[in-house]
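In each ligand, atom 1 is the first atom listed, and ligand 1 is the first ligand listed. Just so you know, residue 1 is the first one in the sequence shown, and it goes up from there.
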Amino acid sequence: MMRTLFAAIIFLAVAGCSTPPELQDRPYRLKHPSWFPEPVIPADNSLTQLRVELGRRLFYNKAFSSDYRISCGTCHVPSAAFTDGQPVSTGVHGRPGKRNAPTLANLAWMPHFMMEGGVPTLELQTLAPVSDSNEMNLDILQVSRRLSEDDYLTSLSRAAYGRAIDPYVITRALAAFQRTLVSYDSAYDRYEFLGQKDQLNEAQLRGRALFFSPRTKCGGCHGDPFMTDFEFHNIGLYTTYADPGRERVTYDPADAGKFKTPSLRNIALTAPYMHDGSMGTLQEVVAFYNRGGQDHPNKDFRIQPLGLSPAEEADLVSFLESLTDWNFVQNINHLPLED
Ligand code: HEC
Ligand code: HEC
């Protein structure tokens with residue numbers, strides 16, 4: 001009896017000390033500008049300092065892939081606004097993926113994930129690349145086992161979520177970190193929302209007027225403040241699409257070739273463009289819209305020949321370049337830690 005009690009006291013003392021003082025958790029205040037609405041954060045994954053920190057370490061951890069060579073950050077590189085510069089991403093063993101890696105800015109406001117919108121929450125989204133045989137190619141339980149061998153990650157997990165590393169913790173911590181990737185400080189934002197009129201040059205001002213005009217209708221789908229309507233549209237990229245897009249989740253042929261409108265924030269940093277990375281430059285994209293796209297029964301009515309002059313095309317490109325947020329891509333809180 002005495003011995004059991006003694007053992008219990010020792011155990012409690014050790015357990016009590018197992019959280020180093022630097023691992024005391026505190027709420028994390030998500031900074032966002034007045035021109036963004038309040039984000040909806042799931043009640044079971046409120047943001048805290050340690051959840052975000054754990055998520056950051058997991059995001060850059062290569063134990064996520066079967067060959068230990070690929071982390072989330074391999075395809076979502078901070079300096080490229082969390083894209084990878086390739087037409088379609090390369091996964092484990094150099095296997096080519098099917099789509100272009102999208103930017104990860106402002107995910108806290110995104111209502112559905114993936115280009116066809118088939119994944120309802122950021123927590124669930126994590127499971128897709130991990131198990132995809134062309135991406136990370138690993139079972140999430142195997143990832144948990146690998147990560148559990150790391151004592152520091154384990155103590156972070158206990159301090160942040162009150163439990164050892166498991167799929168529950170992995171999906172939530174990655175989501176927590178990704179919700180902190182907020183981008184709102186482009187020259188365009190400063191001009192439009194902070195009234196700093198010197199932020200855009202003449203060409204960018206002309207491009208802005210064109211972008212939001214009834215003539216081009218760009219702003220109809222890529223509107224403020226996220227530069228996307230989060231809806232699904234077919235823009236007439238092909239007469240026959242190799243990738244079914246939205247049809248993949250609805251099985252409705254009327255959705256063939258529809259993709260979630262990508263945000264144009266940081267667009268100058270995220271080439272190549274479109275779901276399949278088929279366009280290398282913004283000039284090419286604008287020339288495509290100017291031609292009005294290809295015939296497709298599902299093509300949105302707004303995609304029509306625009307009759308833009310070469311100078312007007314160049315102005316639109318200049319405006320798109322004003323959407324870069326340098327503080328976002330250089331934010332040290334988003335970068336991997338060397339430990
Ligand atoms: C091999 C490259 C690759 C790796 C590794 C990878 N991703 Fe992705 N990611 C992509 C591609 C490509 C897409 C677009 C997929 C689609 O829409 O079908 C994507 C989509 C996403 C999205 C959805 C964004 C949106 O706009 O809907 C999120 C969030 C995301 N990835 C986070 C992660 C996380 C977290 C990890 C690590 C667990 C990860 N990715 C690993 C290439 C990758
Ligand atoms: C009907 C809605 C709609 C309109 C109008 C529209 N877009 Fe898009 N835009 C989209 C969708 C959807 C995609 C993704 C298409 C795909 O990947 O197949 C896209 C893709 C893009 C991309 C590439 C984004 C990336 O990350 O790959 C750029 C740049 C772009 N649009 C700029 C413009 C400009 C400039 C205009 C006006 C000339 C415009 N868009 C008008 C819906 C629209």
Novice: Which protein heavy atom lies closest to atom 27 (O) of ligand 2, and at what distance to 0.1 Å?
Specialist: Met274 N, 2.7 Å

Novice: Report yes if some heavy atom in the side chain of Phe59 is under 4.5 Å from a heavy atom in the side chain of Asn61; otherwise report no.
Specialist: no

Novice: So which bit of Asn234 gets within less than 4.0 Å of ligand 2, heavy atoms only: side chain, backbone, both or neither?
Specialist: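 Within the 4.0 Å criterion, Asn234 makes no contact with ligand 2.
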
Novice: May I ask you to test the Tyr273-Leu282 pair for a side-chain heavy-atom distance under 4.5 Å?
Specialist: yes

Novice: With a 3.5 Å distance limit and no angle check, can you tell me whether Arg163 reaches the backbone of Ser157 through a side-chain donor-acceptor pair?
Specialist: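 Here the side-chain-to-backbone pair does not exist.
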
Novice: What protein N, O or S atoms come within a distance below 2.8 Å of atom 8 (Fe) of ligand 2, ordered by chain and number?
Specialist: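 His222 NE2, Tyr289 OH, with waters left out.
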
Novice: Can you check whether Phe226's main-chain N or O pairs, donor with acceptor, with Ser263's side chain at less than 3.5 Å?
Specialist: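 At least one qualifying donor-acceptor pair exists.
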
Novice: Out of all atoms in ligand 1, which are within 4.0 Å of some heavy atom of Met110? Include the element for each.
Specialist: 25 (C), 26 (O), 27 (O)

Novice: Could you tell me whether Asp44 atom CG has more than 12 heavy atoms of other residues or ligands within 6.0 Å of it?
Specialist: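 It does: Asp44 CG has more than 12 such atoms within range.
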
Novice: Does the side chain of Asn327 come under 3.5 Å of the side chain of Asp185 through a donor N or O and an acceptor N or O?
Specialist: yes

Novice: Considering only non-hydrogen protein atoms, determine which one is nearest to atom 18 (O) of ligand 1 and report residue, atom name and distance to 0.1 Å.
Specialist: Arg99 NH1, 2.7 Å

Novice: Counting only heavy atoms, which portion of Met136 has something under 4.0 Å from ligand 1: side chain, backbone, both, or neither?
Specialist: side chain

Novice: Report the nearest protein non-hydrogen atom to atom 25 (C) of ligand 1: residue, atom name, distance rounded to 0.1 Å.
Specialist: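 Minimum-distance protein heavy atom for atom 25 (C) of ligand 1 reads Lys260 NZ, 3.4 Å.
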
Novice: Give the single entry among Phe259, Phe319, Phe212 that approaches atom 12 (C) of ligand 2 most closely by any heavy atom.
Specialist: Phe259

Novice: Which residue owns the protein heavy atom closest to atom 35 (C) of ligand 1, what's the atom, and how far is it?
Specialist: Gln178 NE2, 3.4 Å

Novice: Starting from atom 17 (O) of ligand 1, what is the nearest protein heavy atom, named by residue and atom, and what distance separates them?
Specialist: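 For this ligand atom, the closest protein heavy atom is Met115 N, 2.8 Å.
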
Novice: Cut-off 3.5 Å, side chains only: do Gln86 and Thr90 have a donor facing an acceptor?
Specialist: yes

Novice: Where does Ile267 meet ligand 2, judged by heavy-atom distances below 4.0 Å: at the side chain, the backbone, both, or neither?
Specialist: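 The answer is the side chain.
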
Novice: For residues 70-82, which side-chain N or O atoms pair as donor and acceptor with protein atoms under 3.5 Å away, sequence neighbours left out?
Specialist:
{"from": "Ser71", "atom 1": "OG", "to": "Gly73", "atom 2": "N", "distance (Å)": "3.1"}
{"from": "Ser71", "atom 1": "OG", "to": "Thr74", "atom 2": "N", "distance (Å)": "3.4"}
{"from": "Ser71", "atom 1": "OG", "to": "Thr74", "atom 2": "OG1", "distance (Å)": "3.4"}
{"from": "Thr74", "atom 1": "OG1", "to": "Ser71", "atom 2": "N", "distance (Å)": "2.9"}
{"from": "Thr74", "atom 1": "OG1", "to": "Ser71", "atom 2": "O", "distance (Å)": "3.2"}
{"from": "His76", "atom 1": "ND1", "to": "Phe82", "atom 2": "O", "distance (Å)": "2.9"}
{"from": "His76", "atom 1": "ND1", "to": "Pro102", "atom 2": "O", "distance (Å)": "3.4"}

Novice: Could you tell me, atom by atom, which parts of ligand 2 come under 4.0 Å of a heavy atom of Lys217?
Specialist: 5 (C)

Novice: As an exercise, identify every atom of ligand 2 less than 4.0 angstrom from a heavy atom of Ile303.
Specialist: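 With Ile303 as reference, the close atoms of ligand 2 come out as 4 (C), 5 (C).
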
Novice: Taking only residues two or more places apart in sequence, or in another chain, which ones meet Arg99 in a salt bridge (Lys or Arg N to Asp or Glu O under 4.0 Å)?
Specialist: Glu116, Asp243

Novice: With heavy atoms of Leu237 as the reference, note each atom of ligand 2 found under 4.0 Å away.
Specialist: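 Near Leu237, the atoms of ligand 2 are 18 (O).
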
Novice: side-chain hydrogen bond (donor to acceptor under 3.5 Å, both in side chains) between Asp325 and Ser183: does it pass, once the steps are laid out?
Specialist: CA-CA 7 Å; Asp325 174 354; Ser183 178; 2.9 Å; yes

Novice: In the shown structure, where waters are left out, how many protein N, O or S atoms lie under 2.8 Å from atom 8 (Fe) of ligand 1?
Specialist: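 For atom 8 (Fe) of ligand 1, protein nitrogen, oxygen or sulfur atoms under 2.8 Å: 1.
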
Novice: Output the list of atoms in ligand 1 that are nearer than 4.0 Å to some heavy atom of Leu122, sorted by atom number.
Specialist: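 By the 4.0 Å cutoff, the relevant atoms are 29 (C).
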
Novice: Can you list the ligand 1 atoms lying under 4.0 Å from a non-hydrogen atom of Ile70?
Specialist: 5 (C)

Novice: Test side-chain hydrogen bond (donor to acceptor under 3.5 Å, both in side chains) on Thr261 and Asp229 and set out the steps.
Specialist: CA-CA 7 Å; Thr261 309; Asp229 58 1; 2.8 Å; yes

Novice: Suppose I only count heavy atoms of Asp300 and a 4.0 Å limit; which atoms of ligand 2 are within that range?
Specialist: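 Near Asp300, meaning under 4.0 Å from one of its heavy atoms, ligand 2 has 1 (C).
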
Novice: Go through ligand 2 atom by atom and flag the ones less than 4.0 Å from a non-hydrogen atom of Tyr273.
Specialist: 23 (C), 25 (C), 27 (O)

Novice: Is a side-chain N or O of Tyr68 found less than 3.5 angstrom from the main chain of Phe64, in a donor-acceptor match?
Specialist: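 Absent.
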
Novice: Could you list the atoms of ligand 1 found under 4.0 angstrom from a heavy atom of Leu107?
Specialist: 29 (C)

Novice: Can you list the atoms of ligand 1 that are under 4.0 Å from a heavy atom of Ser71?
Specialist: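 Matching atoms, with element in brackets: 5 (C).
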
Novice: For His275 and ligand 2, does the shortest N/O to N/O distance drop below 3.5 Å?
Specialist: yes

Novice: Is it true that a side-chain atom of Asp189 and a backbone atom of Ser186 form a donor plus acceptor pair closer than 3.5 Å?
Specialist: yes

Novice: Give a yes/no on ligand 1: does Thr90 have at least one heavy atom closer than 4.0 angstrom to it?
Specialist: yes

Novice: Has Trp35 got a side-chain atom pairing as donor or acceptor with Pro225's backbone, closer than 3.5 angstrom?
Specialist: no

Novice: For the pair Asn201 (side chain) and Gln204 (backbone), establish whether a donor and an acceptor sit closer than 3.5 Å, ignoring hydrogens and angles.
Specialist: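 Indeed, once roles are kept as given, a pair shorter than 3.5 Å links the two residues.
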
Novice: Do the side chains of Asn45 and Arg51 get nearer than 4.5 Å, heavy atoms only?
Specialist: yes

Novice: Flag the pair Leu47 / Val52 as yes when at least one side-chain heavy-atom distance between them is below 4.5 Å, and no otherwise.
Specialist: yes

Novice: Any side-chain to backbone donor/acceptor pair from Glu284 onto Gly280? Under 3.5 Å, distance only.
Specialist: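 Side chain of Glu284 to backbone of Gly280, a donor-acceptor pair under 3.5 Å: yes, one is there.
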
Novice: So, does Lys260 use its side chain to make a donor-acceptor pair with the main chain of His112 at under 3.5 Å?
Specialist: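 Side chain of Lys260 to backbone of His112: a pair is present.
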
Novice: Describe, in one word, how the ring planes of Tyr188 and Phe212 are oriented to each other, choosing from parallel (under 30°), tilted (30 to 60°) and perpendicular (over 60°).
Specialist: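 Tyr188 and Phe212: parallel rings.
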
